[in-house]
Amino acid sequence: MDQKIKEAYDYAKEVYARVGVDVEKAVKDMDKIVLSLHCWQTDDVTGFENPDGELSGGIQATGNYPGKARTIEEVRQDLVKAASLIPGVHRINLHEIYGDFGGKFVDRDEVEPKHFESWMKWAKENNFKLDFNSTSFSHPKSGSLTLSNPDDEIRNFWIEHTKRCRRIAEEMGRYQGSPSVMNLWIHDGSKDTTVNRLRYRELLKESLDEIYSEKLEYVKDCIEAKLFGIGAESYTVGSYDFYLGYGAKNDKIVTLDTGHFHLTESIADKISALLLFTPEIMLHVSRPIRWDSDHVTTMNDDTLDLAKEIIRCDALDRVNIGLDYFDASINRIGAYVIGSRATQKCFLQALLEPTELLRQYEANGQLFERLATLEEAKNMPWNAVWDYYCALKNVPVGESYIKDIQQYEIDVTSKRQ
Ligand code: RNT
Ligand code: ZN
């Protein structure tokens, strides 16, 4: 390892020891920060069911940066490249539309574990574990209501789809010897004043009851709420209150997508409340700009606060960390690497927080001392620890990954026309 990196790390250990922080332990604990990399940043949420179709369901990838992945091989190649620039061992999060359908049209109510066999093998070979998502959007039957649709034919179609997705996740979990996190997000909602709010929510509740009636072993079921979508501004059937209630009552994991709340709402503050009433937490770490715009995650205050709360609650073993953004305006591999490393940096700072000292101050009513320590902690040399961690894991230190991505663009993605 570069001598300068080691020296800076040793100095950081001294600084942190003064406030009672064990830097070596923090570095070890970084291995518990397992990210679930969302496959959909590779190709702007297109998938392989209908590669020429339009993205629907109130979400949109904006931008036209060249070089998006067009095939399953390209998606995998890009994921492997991105992962090689992110320290640690991580998971891959698939959507149903990314199945290996062999060029044939497989409808959502026909999908089977066999369509994900090649993914499972690939993941094992590349030391990834897989997570999964049912896909309600970008389909002729998506409309504005799926699992909450009063039309039985459509509702049953989506129930069947979601049940099948849970079975696929079960197969993944069994195969990899680690439960697969199976996330359910549907876009159901409406653009303008809705007068039958209760009815659609009743229907969604009934659909979920039916979907979850099948007991599985290797699946962690998650339900993801949202505030609104494009074209569904007035009413979202699966609102936060709805899923929080459902999750608390039925022992389901509530997914917190950091773009799915009012912009002044603190997602960090939800952690300690959810932990008391739901089994685990799933995160979709994102960056909303003015709305749920799915910008690339950066090391901002929101993400830092979220990471700190998780560490302060000692909840790493109950929190699943997924990323969720899709920026089509910049190099997509770069987008993964920036967002993943930013999330890791936030968790590293959280692990280096002098929490014990802060708690003592708080308990003693020494609030000046608490605030002063929080402020000083911001400029303690956590970045020296980050460089050391990257060097230790044999990934590029600092901004040096930029040239790797530029080279990959020259060699690989720029040739995709
Ligand atoms: C949409 C949700 C959802 C999707 C993915 C593609 O607002 O955040 O998680 O981003 O399922
Ligand atoms: Zn999400």
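Residues: numbered from 1 along the sequence shown. One-based numbering, in listed order, for ligands and for the atoms of each. As the structure is a computational prediction, the values presented were derived from the model and not from experiment.
Residue Ile59 approaches ligand 1 through these ligand atoms, each under 4.0 Å from one of its heavy atoms: 1 (C), 7 (O). Counting the atoms of ligand 1 from 1 in the order shown, those under 4.0 Å from a heavy atom of Asp257 are 8 (O). Close approach of ligand 1 to Lys226 is summarised as follows: ligand atoms under 4.0 Å from at least one heavy atom of the residue are 1 (C), 7 (O). Every atom of ligand 1 with a heavy atom of His284 under 4.0 Å away is listed here by number and element: 9 (O).
Other residues, nucleotides and ligands place more than 12 heavy atoms under 6.0 Å from the NZ atom of Lys124.
Counting heavy atoms under 4.0 Å from ligand 1, residue Thr255 does not touch it at all. Residue contacts with ligand 1 for Glu224 involve side-chain atoms from C-beta outward but no N, CA, C or O (heavy atoms, distance under 4.0 Å).
Take the N/O/S atoms of Asp324: the one nearest the Zn ion (ligand 2) is OD2. Taking the Zn ion (ligand 2) as reference, Glu224 places its N/O/S atom OE2 nearest.
The single protein non-hydrogen atom nearest to atom 11 (O) of ligand 1 is His95 NE2, 2.6 Å, given as residue, atom name and distance. Counting protein heavy atoms only, atom 4 (C) of ligand 1 is closest to Asp324 OD2, 3.5 Å.
For the pair Lys345 and Tyr389, the NZ or CZ position fails the cation-pi test of under 6.0 Å to the six-membered ring centre and within 45 degrees of the ring normal. Taking the centre and axis of the six-membered ring of Tyr212, the NZ or CZ atom of Lys252 falls inside the cone set by 45° and 6.0 Å.
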- [ ] Might you work through the side chain to side chain donor-acceptor pair (under 3.5 Å) test for Arg155 and Ser207, ending with a clear yes or no?
- [x] CA-CA 8 Å; Arg155 193 166 74 95; Ser207 298; 2.7 Å; yes

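Considering backbone and side-chain atoms together, His260 places an N or O closer than 3.5 Å to an N or O of ligand 1.
A donor-acceptor contact closer than 3.5 angstrom links the side chains of Thr355 and Glu353.
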